[in-house]
Protein chains: 2
Amino acid sequence: MSQKIFVSAKEVADLAGVSRSAVSRTFTPGASVSKETRRRVMEAAEALGYHVNHLARGLMRNESGIVCLIVSEMDTPYRASLIRAISRHLQNASKIAMLINTDRSDRSVDEALKLAISYRADASIVLSGMPDKSITDLCVKSGQRLVLINRDEERQGALMINLHDREAARRGFIAFQRAGCRSFAFANSDVGTPSLMAREEGFRAAGQEFGLDVTVERFGPTRYQSGVVLAQRLLTREVRPDAIFCANDLLACGVMDTARHQFKLAVPCDLCVIGFDDIEQSSWSSYQLTTFAQPVDRIAEEAVSWLSQPMTDSGQFCRMTADLVWRESVKGG
Amino acid sequence: MSQKIFVSAKEVADLAGVSRSAVSRTFTPGASVSKETRRRVMEAAEALGYHVNHLARGLMRNESGIVCLIVSEMDTPYRASLIRAISRHLQNASKIAMLINTDRSDRSVDEALKLAISYRADASIVLSGMPDKSITDLCVKSGQRLVLINRDEERQGALMINLHDREAARRGFIAFQRAGCRSFAFANSDVGTPSLMAREEGFRAAGQEFGLDVTVERFGPTRYQSGVVLAQRLLTREVRPDAIFCANDLLACGVMDTARHQFKLAVPCDLCVIGFDDIEQSSWSSYQLTTFAQPVDRIAEEAVSWLSQPMTDSGQFCRMTADLVWRESVKGG
DNA sequence: GAAACTTTTGCACACGCTTGCAAGAGCGAG
DNA sequence: CTCGCTCTTGCAAGCGTGTGCAAAAGTTTC
């Protein structure tokens, strides 16, 4: 191990000819220091390359400034853009994001939260998986803030951010109807994430409401390749759907590509497609996918601003609506 | 501010009826504790929900376990997958990733490194921008490890990971020639990142080597939309290129889409395209892009494993080769 | 049973910082 | 000059750990 030799407040104090407290106060907003002392301290700090040790500060203040982001498959477009938005908002709030990768297993979300506790994170934001209740209770009991995004299960003391998934799916169904579609399908992954299931149920319920059949197909993880398989299954049915609602844009891209290249179908003429998330690729001219946009920036803003609000004992729900972005994958926008 | 009340080693010690040192040793691998004491400590810790305070431990050991990832535009596919790979390798090495977003300005890379120092990070990995020499010197002097990925500028005491960009570009040129192309172009962004410029120069040099003209166009950030503009400029030239090497896959996607949809060109018949990075989208059937693959996982592995190796004074270079992934965007792979 | 040795344990200090407290410095009013 | 006031400053305690040191406990050997 390399010997680290960071410069400490003591050294700055010695060089500036003041006490350690003085340099501490210089770097503490709102503390009482004279103009002159501050100048000398800053000068000495600059010369030595001094930077306050946030670890020690966190230890004293009982507030580390660290916020853990717990996420799997973080290279997925939607996840990546959410991470980006959150990290930006955190930095604006003078906090810092710690990234915990939970790719390995579902249990690893619990491990992640323990890590968050170990680093005395001020808060944790969970984007993937669902932690065990005993762990979230421990977090909350320890005074950590906890935000669950698209998890849709109640946890005491946490903020739960969700979308109106069911209602969005219903709006999607109606859009298909307006476009003159007659045979409706829902393409889902088989991971069973609450928000994905809510979309499926919403779409199904809409079918029931209008007395129309909905075929549902589920397969694999929520990725492009699953979309390929789903399209192959759906488009070889005896009655071929002319409308497919995909649980997410990645699936939709796979579905569209397969419909076009393998089945030689034209979108939207032969097949209408709607997705969910509004990832960047959906706007590319190969797709021009009509989709529901996740309000990524608002989610990030809501999550971060909640972190600095006074704690309430009960859990708090925050439901946002996903706006439908009209492009070319549905007839007659 | 919420009052945080984490349980400390003292409380565990009291409950277990041992000294505080005992519990400290229980959680220190290789320390001397009897089987019996360890059991009682673990029991008490479990009951109270105790977790070692990594902040305090870092303070004592002078080793925080934190590694800063300094990156802008982290929702870009290549960046996102690199971040994912690095975070996974870090966790395997019992370290934790701190994510610093430098979207705002180039100066903010320096700010990011100062933040890394403040949190006494064991190391920083720079994926975007180029920090000022005075800052990197301070990092190294403080005993921090520093990894620069695709930055291609020497820094004392740092590990610099780069690809053989020029050579790859040359191989690309030859592939175009074999495919029977006659009019060569290079599509670049105008951000001037060293690795992007190296690819451009390599391609240019190859043209010179074979006595063939290369037209170069630069525009905007390194994104899809810039690819659209670049295609529009290149494909309206009096002599239309039939081979375009794109500095990266995102540009290539924009170029391909525009060539096909706006100019009604067939790829690869009318136009051959090569990209760089091998992002996921390149394998989607709408693109089937022939491209040079960044060895993302090897980069991450190399970076992380270097962190635990003894420090050398001089900088260290690590050059990897990008393998050409043959798909359908060049004739006759 | 005692000596020689190993293993375990508690004490106390150190890490770098914040902050309450009381003493000091400056200053205008009387 | 002295009193009372405000603004600064240093002292020292404390945050939750790790670890060297010496004492205590346990184990082996003769």
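What's counted below: heavy atoms across the whole structure, side chains too, no hydrogens, waters or symmetry copies. As the structure is a computational prediction, the values presented were derived from the model and not from experiment.
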**Item:** Sidechain-backbone polar pair: B:Arg151 side chain, B:Val126 backbone, donor-acceptor under 3.5 Å
**Value:** no
**Request:** Using a strict cut-off of less than 4.0 Å between a Lys/Arg side-chain nitrogen and an Asp/Glu carboxylate oxygen, indicate whether B:Asp122 and B:Arg145 qualify as a salt bridge.
**Result:** no
**salt_bridge(B:Arg38, B:Glu36) N-O dist < 4.0 Å** = no
**Under 4.0 Å protein heavy-atom contact, by nucleotide of nucleotides 8-18 of chain D - B base, S sugar-phosphate only** = BBBBB-BBBBB
**Request:** For B:Thr76 and B:Tyr78, indicate whether the former's side chain and the latter's backbone hold a donor-acceptor pair under 3.5 Å.
**Result:** no
**Request:** Considering only NZ, NE, NH1 and NH2 on the basic side and carboxylate oxygens on the acidic side, decide whether A:Glu111 and A:Arg104 come within less than 4.0 Å.
**Result:** no
